[in-house]
Colleague: 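Dumping the structure here so I can ask a few things about it.
Heavy-atom basis, side chains included; hydrogens, waters and symmetry copies ignored.
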Amino acid sequence: MYIRRQLDIAFLEANQFFPVLLLTGARQVGKTTFLSKIAEPNRKFVSLDPLDVRTKAKDDPRLFLADNPPPVIIDEIQYAPELLPYIKANVDQMRRDDPDNAHGMYWLTGSQKFELMDGVSESLSGRIGIFNMHPLSNRELNGTVSEPFRPDRFSSGKHLLAPAELFHRIWLGAYPGLVCSRTPDKNWTVFYQSYVQTYLERDVRKLAQVADLNVFYSFLKAAAARSGQMLNYSDLARDSGISVPTAKKYMSLLETSGIVKLLYPFSRNQSAPMVSTPKMYFLDTGLMAFLTEWTNPNVLQSGAAAGHFFETWCVAEILKSYSIAGVEAPVYYFRTKERTPSEIDVLIVDSGTLYPVEIKKCARLDRNDVKQFSKLDKFKMPVGTGGLVCLYPEVTHVNENVLVIPAPLI
């Protein structure tokens with residue numbers, strides 16, 4: 001079973017302009033399958049995963065590209081960054097010889113953005129469009145299409161997904177290989193065991209040169225337990241038995257390999273000082289549940305961590321709604337440095353307007369849940385419609401300027 005990836009619209013539009021497109025994302029999010037589904041019949045596919053193919057690409061890039069002319073998909077480009085200058089040369093030659101057809105030549109994929117990927121933008125500046133793919137979004141699973149998330153884009157709507165069904169989706173995660181399997185619940189443990197092992201052995205050890213994978217795995221589990229919280233490197237280092245500089249390095253690896261996203265506080269010249277520490281979110285709650293040993297969705301729903309999982313899932317879905325559209329998510333959070341801090345879970349900044357969003361794992365409506373929205377006046381910027389994302393079953397108003405948005409609709 002294939003679930004349509006809604007990134008196809010933005011990707012194919014960019015293909016009419018850029019000579020090179022790069023699709024990045026965590027391992028197993030469906031990059032290769034997606035490109036294969038939308039590729040023209042004459043577009044060749046070549047993977048750099050096999051050692052002999054990779055060696056040829058690294059040792060003789062010019063010959064490799066001559067044997068694999070455009071239009072072509074080159075999978076796992078990070079294994080042979082030596083190809084990039086030669087791709088640039090081929091693009092520039094095509095622009096001189098046949099400028100009307102100098103687009104859509106090379107589609108590249110990369111499972112991470114480690115040091116080997118640093119040369120992509122530099123080598124192909126002005127020639128490449130870069131897209132990021134996450135695990136399946138809630139909208140893709142529901143088969144619904146809409147604009148990137150913003151509270152004012154919900155005028156009505158109702159959902160029939162019970163909280164237990166939503167928490168099953170949160171627990172299961174959204175990697176296509178698992179979700180599209182015949183018995184995803186039965187495959188859950190073995191899928192994530194294999195995923196983590198592959199991630200550690202192939203990405204972390206080979207590309208990031210981490211010597212002790214057991215230590216890194218301990219760090220990974222400690223990070224999963226802190227999803228939705230402000231980053232505290234000292235606590236992470238202590239619980240993992242590593243130094244603070246090593247904890248910062250490891251967190252960078254999680255971010256660049258698409259496992260987590262750091263959400264930074266919105267700041268501007270204002271009277272009250274704002275925090276500068278980012279919050280960290282896992283981008284797949286199934287992986288998060290596996291690492292924190294929540295092996296049953298019903299137990300997860302009633303457990304002490306349910307709120308953290310719910311918030312993590314909602315933030316990840318908001319971020320995915322932007323990546324699907326092929327645009328950078330203008331998403332932050334708000335927190336002051338006051339003794340009793342004011343905090344807003346998500347702050348979307350779009351065209352100079354602030355759109356606040358609070359996330360609550362509840363089915364009741366309470367105006368006190370959004371009282372912090374008034375604190376945004378200090379920025380002296382327009383404040384648009386706010387949102388309260390929760391388990392209430394239909395879109396309605398908390399007050400004149402704040403909509404209740406059922407989580408299953410985001």
Side-chain angles (χ1 to χ4, degrees), residues 2 4-26 29-49 53-54 56-58 60-113 116-134 137 140 145 147-148 258 320-330:
Y2 176 72
R4 179 203 159 199
R5 306 308 300 265
Q6 295 176 15
L7 181 61
D8 56 3
I9 297 173
F11 192 93
L12 291 175
E13 285 180 353
N15 191 54
Q16 297 302 311
F17 177 75
F18 288 105
V20 185
L21 295 178
L22 169 64
L23 182 63
T24 67
V29 296
K31 301 182 296 298
T32 303
T33 302
F34 166 70
L35 293 183
S36 298
K37 288 289 184 180
I38 66 171
E40 315 92 319
N42 65 328
R43 185 176 292 273
K44 184 178 180 180
F45 173 86
V46 57
S47 174
L48 298 178
D49 206 21
V53 179
R54 186 188 318 172
K56 180 179 179 181
K58 293 171 72 69
D60 197 340
R62 193 186 304 276
L63 178 60
F64 176 86
L65 292 177
D67 289 342
N68 299 284
V72 62
I73 300 170
I74 302 178
D75 199 32
E76 306 288 9
I77 187 65
Q78 75 277 357
Y79 288 131
E82 294 85 354
L83 290 172
L84 298 176
Y86 293 88
I87 290 175
K88 174 186 176 183
N90 287 356
V91 166
D92 291 348
Q93 186 65 47
M94 177 64 85
R95 281 178 163 178
R96 289 190 292 268
D97 296 344
D98 190 1
D100 291 339
N101 290 310
H103 58 82
M105 296 172 61
Y106 295 96
W107 291 0
L108 313 177
T109 78
S111 293
Q112 61 289 109
K113 303 172 188 174
L116 292 176
M117 293 294 288
D118 287 347
V120 170
S121 295
E122 182 178 348
S123 298
L124 296 170
S125 177
R127 303 165 181 84
I128 188 167
I130 301 176
F131 293 85
N132 189 40
M133 178 171 278
H134 295 305
S137 72
E140 288 169 326
V145 181
E147 296 177 273
K320 288 176 188 178
S321 74
Y322 285 87
S323 67
I324 284 171
V327 297
E328 191 69 26

Colleague: Given side chains that start at C-beta, do those of Phe45 and Leu35 come closer than 4.5 Å, heavy atoms only?
Modeller: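 Not in contact.
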Colleague: NZ of Lys320 to CE of Met133: how many Å apart, nearest 0.5 Å?
Modeller: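 Rounded to the nearest 0.5 Å, the NZ-CE separation comes to 11.5 Å.
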Colleague: Nearest 0.5 angstrom please: Arg4 CZ to Ile9 CD1, how far?
Modeller: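 Result: 4.5 Å between the selected atoms.
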Colleague: Cut-off 3.5 Å, no hydrogens considered: what does the side-chain donor-acceptor table look like for residues 63-75, sequence neighbours left out?
Modeller:
{"unit_1": "Asp67", "atom_1": "OD2", "unit_2": "Lys56", "atom_2": "NZ", "d": "2.7"}
{"unit_1": "Asn68", "atom_1": "OD1", "unit_2": "Lys44", "atom_2": "NZ", "d": "2.7"}
{"unit_1": "Asn68", "atom_1": "ND2", "unit_2": "Phe64", "atom_2": "O", "d": "2.9"}
{"unit_1": "Asp75", "atom_1": "OD1", "unit_2": "Thr32", "atom_2": "OG1", "d": "3.1"}
{"unit_1": "Asp75", "atom_1": "OD1", "unit_2": "Thr109", "atom_2": "OG1", "d": "2.3"}
{"unit_1": "Asp75", "atom_1": "OD2", "unit_2": "Thr32", "atom_2": "OG1", "d": "3.2"}

Colleague: Looking at Ala14 and Leu21, what are the two nearest heavy atoms and their distance?
Modeller: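 The pair with the smallest heavy-atom distance is CB-CD2, 3.9 Å.
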Colleague: Looking only at non-hydrogen atoms, find the nearest pair between Leu7 and Ser323 and report the distance.
Modeller: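 Scanning both residues, the minimum pair turns out to be CD1-O, 3.2 Å.
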Colleague: For the atom pair CZ (Phe131) and CZ (Phe34), what is the distance rounded to the nearest 0.5 Å?
Modeller: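 Interatomic distance, Phe131 CZ to Phe34 CZ, rounded to 0.5 Å: 8.5 Å.
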Colleague: Verify, without hydrogens or angle tests, whether Glu82 (side chain) and Ala57 (backbone) share a donor-acceptor contact under 3.5 angstrom.
Modeller: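 Side chain of Glu82 to backbone of Ala57, a donor-acceptor pair under 3.5 Å: no, none is there.
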Colleague: I need the Tyr106 OH to Leu84 CG distance, nearest 0.5 Å.
Modeller: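 Output value for this atom pair is 11.5 Å.
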Colleague: Closer than 3.5 angstrom, by distance alone: can the side chain of Lys31 be matched with the main-chain N or O of Leu108 as a donor-acceptor pair?
Modeller: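 The answer is no, because no donor-acceptor pair under 3.5 Å joins these two groups.
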Colleague: Where do Glu40 and Asn15 land on the side-chain contact (heavy atoms from CB on, under 4.5 Å) test, with the steps shown first?
Modeller: CA-CA 12 Å; Glu40 315 92 319; Asn15 191 54; 4.2 Å; yes
Colleague: How close do Leu48 and Ile77 get, heavy atom to heavy atom, and via which atoms?
Modeller: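 It is CD1-CA, 3.9 Å.
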Colleague: Kindly compute the distance separating OG (Ser321) from CD (Glu147), expressed to the nearest 0.5 Å.
Modeller: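 It is 10.0 Å, given to the nearest 0.5 Å.
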Colleague: With a 3.5 Å distance limit and no angle check, can you tell me whether Arg127 reaches the backbone of Ile87 through a side-chain donor-acceptor pair?
Modeller: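 Such a contact is absent between Arg127 side chain and Ile87 backbone.
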Colleague: Find out whether the Lys NZ or Arg CZ of Arg54 is both under 6.0 angstrom from the six-membered ring centre of Tyr79 and within 45° of the ring's axis.
Modeller: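 Yes; both conditions hold, so Arg54 lies above the ring face of Tyr79.
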Colleague: Quick check: closest heavy atoms across Leu22 and Gly110, and the distance to 0.1 Å?
Modeller: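 Scanning both residues completely, I find the closest heavy atoms to be CD1-N, 4.2 Å.
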Colleague: Provide the closest heavy-atom pair for Asn101 versus Met94 in the form atom of the first, atom of the second, distance.
Modeller: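 Asn101 and Met94 have their closest heavy atoms at O-CG, 4.2 Å.
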Colleague: Just verifying a value: how many Å separate Asp97 CG and Asn90 CG, rounded to the nearest 0.5 Å?
Modeller: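 If we round to the nearest 0.5 Å, Asp97:CG and Asn90:CG are 10.5 Å apart.
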Colleague: Heavy atoms only: give me the nearest Ala325-Ala10 pair and the separation to one decimal.
Modeller: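 In terms of heavy atoms, the two residues are closest at O-CB, 3.4 Å.
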